[in-house]
Amino acid sequence: MKVDFILGISWGDEGKGKLTHYLLQSNLYSHVCRVQGSQNAGHTIYHNGVKYVTHIVPAGVFFGVKSIIAPACMLNVDGFFKEMEGLKNQGIDCEKLVKISTNAHIITQKHIEEDSKDTEIGTTKRGVGPCAADRYRRVGIQAKEIEALKPYLVDFYDEVIKNNDATILTEGAQGTELDIFAEGYPYVTSSHCGVAGALLNGIPHTAIRHVYGVAKVYTTYVGNMKFQPEGEIYKQIQEQGEEWGATTGRKRQTNFLDTDQLLKAIRINAVTHLIFNKIDVFRELNCWKLIEKGKIIDLETEDNFKRFIYQKCGNEMDLTKGYIKFSDNPYDI
Ligand code: IMP
Ligand code: MG
């Protein structure tokens, strides 16, 4: 069994959906698994020129690949059926491909009501935090208890892990800095967004093949933490990058890439392949800045900017086994 992981290595919204879609074109995978999070995620995918936004349904459905919602995930049943219906109406044949792990947890109306009262963290109000709390208090509801989900249910171990021939792509949600253990607590989500979180589903660590870390050439964050510094450039990045949430439509705060944060995320997750999206935004603004040891540095040209990042991140990775790439929005890698 082999597993390739796709992870956000910032605060989410790095363009993981785009990379998932790109990697699936290679036709190498037997399963695509969503391994954590819930309908708080919004993955934007362009398939045959049409835009789709998925929340819990794994992107394997666009390529006829078995798409499994793993045990660590949480889902609201109505939201799941709505998303499936929407995809079917857009011509995506997902009915037979999507399976839900029997022990994934269910987000109830009560969870959503409780989450909708949040004014502190700036959650997506999808009920994720209250559902996670109930899970760990051991009073939660599991998918196997829901009659309407019966046709979709599988045992994750039987379906995926026991299968020696499985080649799995995991579709991470949110990002390393939104992990519940991350520095920004409490302005984080309630799941584990790195490789460790994916492994919690029962994936053996020896199955790890590639770890794809996805970032943008700048950072963004949605929520109540103060993230964006004062200054015109940050507003320009927000506008040029069309930075508002795929799930809630909220404006994303912006900042420059911080190399310390980047290296930490690469190290923690042992990233083998690193993809920086939205370089076109910096090209358009002719802005080539990042943060190094707490200070903004101006690298002035695209070449210098790339070279700086190749050098910094390349030192942390084994580039004989992986790569560092910069990518335009929305198609190429
Ligand atoms: P929750 O996950 O809805 O509880 O929200 C907690 C924090 O994580 C908030 O700041 C959200 O904006 C952020 N968040 C949750 N999911 C995503 C995502 O998929 N992309 C970006 N931010 C997210
Ligand atoms: Mg998103």
Side-chain angles (χ1 to χ4, degrees), residues 6-21 34-46 51-59 69 72-76 79 83 105 107-108 110-136 170-194 197-198 214-216 218-228 238 241-255 261 265 275 277-278 329-330:
I6 296 180
L7 302 173
I9 56 168
S10 308
W11 284 262
D13 305 315
E14 300 94 347
K16 296 178 289 293
K18 178 181 135 180
L19 181 70
T20 311
H21 187 267
R34 261 296 296 277
V35 284
Q36 44 67 227
S38 178
Q39 285 124 322
N40 46 355
H43 292 171
T44 306
I45 287 170
Y46 289 85
K51 180 179 171 175
Y52 300 85
V53 178
T54 60
H55 298 286
I56 190 67
V57 173
I69 298 171
C73 295
M74 297 166 259
L75 74 157
N76 172 259
E83 188 174 333
H105 269 251
I107 298 178
T108 63
K110 212 173 114 220
H111 294 145
I112 294 173
E113 277 160 27
E114 191 182 334
D115 200 20
S116 67
K117 292 183 197 137
D118 161 72
T119 51
E120 194 58 40
I121 295 161
T123 71
T124 61
K125 309 214 177 342
R126 296 297 186 274
V128 181
C131 176
D134 277 359
R135 165 184 263 169
Y136 288 104
T170 75
E171 196 182 352
Q174 291 84 43
T176 311
E177 295 299 331
L178 289 174
D179 188 291
I180 186 139
F181 288 171
E183 203 180 320
Y185 185 95
Y187 300 102
V188 292
T189 191
S190 42
S191 65
H192 297 284
C193 314
V214 189
K216 290 186 282 208
Y218 50 88
T219 53
T220 61
Y221 160 83
V222 215
N224 287 354
M225 170 173 71
K226 169 95 176 108
F227 185 83
Q228 181 171 316
Q238 199 270 328
E242 299 179 8
E243 295 296 351
W244 50 82
T247 299
T248 58
R250 290 177 294 173
K251 260 190 188 177
R252 295 174 185 149
Q253 301 184 57
T254 67
N255 201 345
Q261 185 270 315
I275 291 93
N277 280 314
K278 291 202 166 178
N329 202 36

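As the structure lists them, so they are numbered: ligands from 1, and atoms in each ligand from 1. These figures come from a predicted structure and were not determined experimentally.
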Any idea which of V128, T124, D118, N40 brings a heavy atom closest to atom 3 (O) of ligand 1?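 That would be T124.
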Pick from T220, T189, V222, I180: the one approaching atom 11 (C) of ligand 1 most closely through a non-hydrogen atom: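 Looking at heavy atoms only, the winner is V222.
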I'd like to know whether ligand 1 has G122 as a neighbour, heavy-atom separation below 4.0 Å.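 So G122 counts as touching ligand 1.
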Which bit of R250 gets closer than 4.0 Å to ligand 1, counting heavy atoms only: side chain, backbone, both or neither?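 The part of R250 near ligand 1 is the side chain, not the backbone.
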[X]: numbered ligand 1 atoms lying under 4.0 Å from its heavy atoms:
| X | answer |
| --- | --- |
| D13 | 20 (N), 21 (C) |
| G223 | 10 (O) |
| W11 | 21 (C), 22 (N) |
| V188 | 6 (C), 7 (C) |

Distance check below 2.8 Å: does G42 bring an N, O or S atom to the Mg ion (ligand 2)?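 An N, O or S atom of G42 is closer than 2.8 Å to the Mg ion (ligand 2), so yes.
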May I ask you to check whether Q174 and Q36 show a side-chain donor-acceptor distance below 3.5 Å?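 On atom types as modelled, these side chains qualify, holding a pair under 3.5 Å.
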In the protein, which heavy atom is nearest to [atom], and how far is it?
| atom | value |
| --- | --- |
| atom 5 (O) of ligand 1 | T123 CA, 3.4 Å |
| atom 22 (N) of ligand 1 | L178 CD1, 3.5 Å |
| atom 19 (O) of ligand 1 | A41 CA, 3.3 Å |

Going by the angle between their ring planes, with limits at 30° and 60°, are F227 and Y221 parallel, tilted or perpendicular?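 Answer is tilted, since the angle falls between 30° and 60°.
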Output yes when the distance from some N or O of ligand 1 to some N or O of Q174 is under 3.5 Å, and no in every other case.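 By distance alone, the answer is yes.
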Look only at the side chain of E14 and the backbone of G175, and say whether a donor-acceptor pair between them is shorter than 3.5 Å.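 Here the side-chain-to-backbone pair does not exist.
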Using modelled atom types and a 3.5 Å cut-off, is there a donor and acceptor pairing between side-chain atoms of E171 and backbone atoms of I56?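 Side chain of E171 to backbone of I56, a donor-acceptor pair under 3.5 Å: no, none is there.
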For K125, does the NZ atom have more than 12 heavy-atom neighbours from other residues, nucleotides or ligands under 6.0 Å away?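 Yes.
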Can D115 and R126 be counted as an ion pair, charged N to O under 4.0 angstrom?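 Salt bridge: no.
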Heteroatom of D13 nearest to the Mg ion (ligand 2) (N, O or S, atom name):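 In D13, the N, O or S atom with the shortest distance to the Mg ion (ligand 2) is OD1.
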With side chains defined as the heavy atoms from C-beta onward, is the minimum distance between I69 and P58 less than 4.5 Å?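 Side-chain contact under 4.5 Å: yes.
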Name the residue from K251, K216, Q253 that meets the side-chain hydrogen bond (donor to acceptor under 3.5 Å, both in side chains) definition with E243.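 Of all the options given, the one that passes is K216.
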Just to verify, which of R250, K278, R252 counts as forming a salt bridge (charged side-chain N to carboxylate O under 4.0 Å, His left out) with D13?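 With D13 as partner, R250, K278, R252 yield a single salt bridge (charged side-chain N to carboxylate O under 4.0 Å, His left out), made by R252.
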